[in-house]
Amino acid sequence: VQLVESGGGLVQPGGSLRLSCATSGMAFSIYAWGWYRQSPGKQRELVATITSGRSTNYTDSVKGRFTISRDNAKYTVYLQMNSLKPEDTAVYYCNRVSRPYPWGQGTQVTVSS
């Protein structure tokens, strides 16, 4: 299974980005998926999750700013990021919450003026 993240880039504080994670589709719809991020010198952290029933959960630092969604027909997970802050700068990854696949290359998000 291959995970391909895209949509990152350089954005000013207060800006928005929409990340996408394309998967191979193997049993995509029955699993919970998550977006993770890792900054230099820090451990990878779980940012948002979405269950098979589309229930969502967010880490406190992104609540009200980020929205995770999924398109089962396209085997794709999304992360809409609004009101971005410099501390959101990181490489963002997606993966299954349980029984994770090998990690993809991630997509770099840089928030800077």
Side-chain angles (χ1 to χ4, degrees):
V1 174
Q2 191 173 17
L3 305 174
V4 180
E5 300 92 348
S6 62
L10 173 62
V11 63
Q12 291 187 341
S16 298
L17 286 172
R18 188 192 193 208
L19 306 184
S20 298
C21 172
T23 79
S24 67
M26 289 286 290
F28 175 86
S29 64
I30 66 174
Y31 286 99
W33 286 82
W35 279 98
Y36 304 73
R37 66 186 180 188
Q38 187 168 22
S39 303
K42 294 186 178 181
Q43 288 190 333
R44 186 175 289 153
E45 67 166 332
L46 180 59
V47 173
T49 60
I50 185 166
T51 68
S52 58
R54 301 180 188 274
S55 294
T56 59
N57 198 20
Y58 302 90
T59 192
D60 286 345
S61 62
V62 308
K63 282 181 181 177
R65 301 188 298 120
F66 289 11
T67 302
I68 188 171
S69 61
R70 62 192 295 163
D71 186 334
N72 290 342
K74 295 182 178 180
Y75 312 123
T76 301
V77 187
Y78 303 98
L79 186 67
Q80 178 67 44
M81 306 187 297
N82 299 328
S83 302
L84 282 162
K85 304 176 180 180
E87 51 263 44
D88 295 319
T89 295
V91 179
Y92 284 72
Y93 304 86
C94 72
N95 214 324
R96 286 194 317 194
V97 174
S98 62
R99 300 177 63 192
Y101 292 120
W103 295 92
Q105 83 288 350
T107 186
Q108 175 70 49
V109 172
T110 303
V111 185
S112 175
S113 55

Would you tell me whether Tyr78 and Arg18 have side-chain atoms, one donor and one acceptor, within less than 3.5 Å of each other?
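The criterion, which ignores hydrogens and geometry beyond distance, is not satisfied for Arg18 and Tyr78.
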Between [atom1] on residue [X] and [atom2] on residue [Y], distance to nearest 0.5 Å:
X	Y	atom1	atom2	answer
Tyr31	Thr51	OH	OG1	14.5 Å
Ser39	Arg44	OG	CZ	11.5 Å
Asp88	Ser112	CG	OG	12.5 Å
Thr67	Asn82	OG1	CG	6.5 Å
Glu5	Thr23	CD	OG1	10.5 Å
Tyr92	Thr107	OH	OG1	10.5 Å

Quickly, which of Val77, Asn72, Asp71 forms a side-chain contact (heavy atoms from CB on, under 4.5 Å) with Lys74? Name it, please.
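For Lys74, the side-chain contact (heavy atoms from CB on, under 4.5 Å) test succeeds with only one of Val77, Asn72, Asp71, which is Asp71.
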More than 12 foreign heavy atoms under 6.0 Å from CD of Gln2: is that the case here?
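Result for CD/Gln2: open.
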Quick check: are there more than 12 heavy atoms from other residues, nucleotides or ligands sitting under 6.0 Å from OH of Tyr75?
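Count not over threshold, so no.
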Side-chain contact test, heavy atoms from C-beta onward, threshold under 4.5 Å: evaluate it for Arg37 versus Thr89 and give yes or no.
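Arg37 vs Thr89: side chains apart.
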Derivation of the side chain to side chain contact (heavy atoms under 4.5 Å, CB included) call for Leu10 and Gln108:
CA-CA 8 Å; Leu10 173 62; Gln108 175 70 49; over 6 Å; no
Given Lys63 and Asp60, is the salt bridge (charged side-chain N to carboxylate O under 4.0 Å, His left out) satisfied, shown in steps?
CA-CA 5 Å; Lys63 282 181 181 177; Asp60 286 345; 3.0 Å; yes
Would you check if the distance from the ring center of Trp103 to the ring center of Tyr36 is below 6.0 Å?
yes
Is the NZ or CZ atom of Arg65 positioned over Tyr58's six-membered ring, under 6.0 angstrom from the centre and within 45° of the axis?
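No, a cation-pi geometry is absent between Arg65 and Tyr58.
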If two hydrophobic side chains count as joined below 4.5 Å and joins carry through other members, does Ile50 share a cluster with Met81?
yes
If only atom types and distance count, is the side chain of Trp35 paired as donor or acceptor with the main-chain N or O of Cys21 below 3.5 Å?
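It does not hold such a pair.
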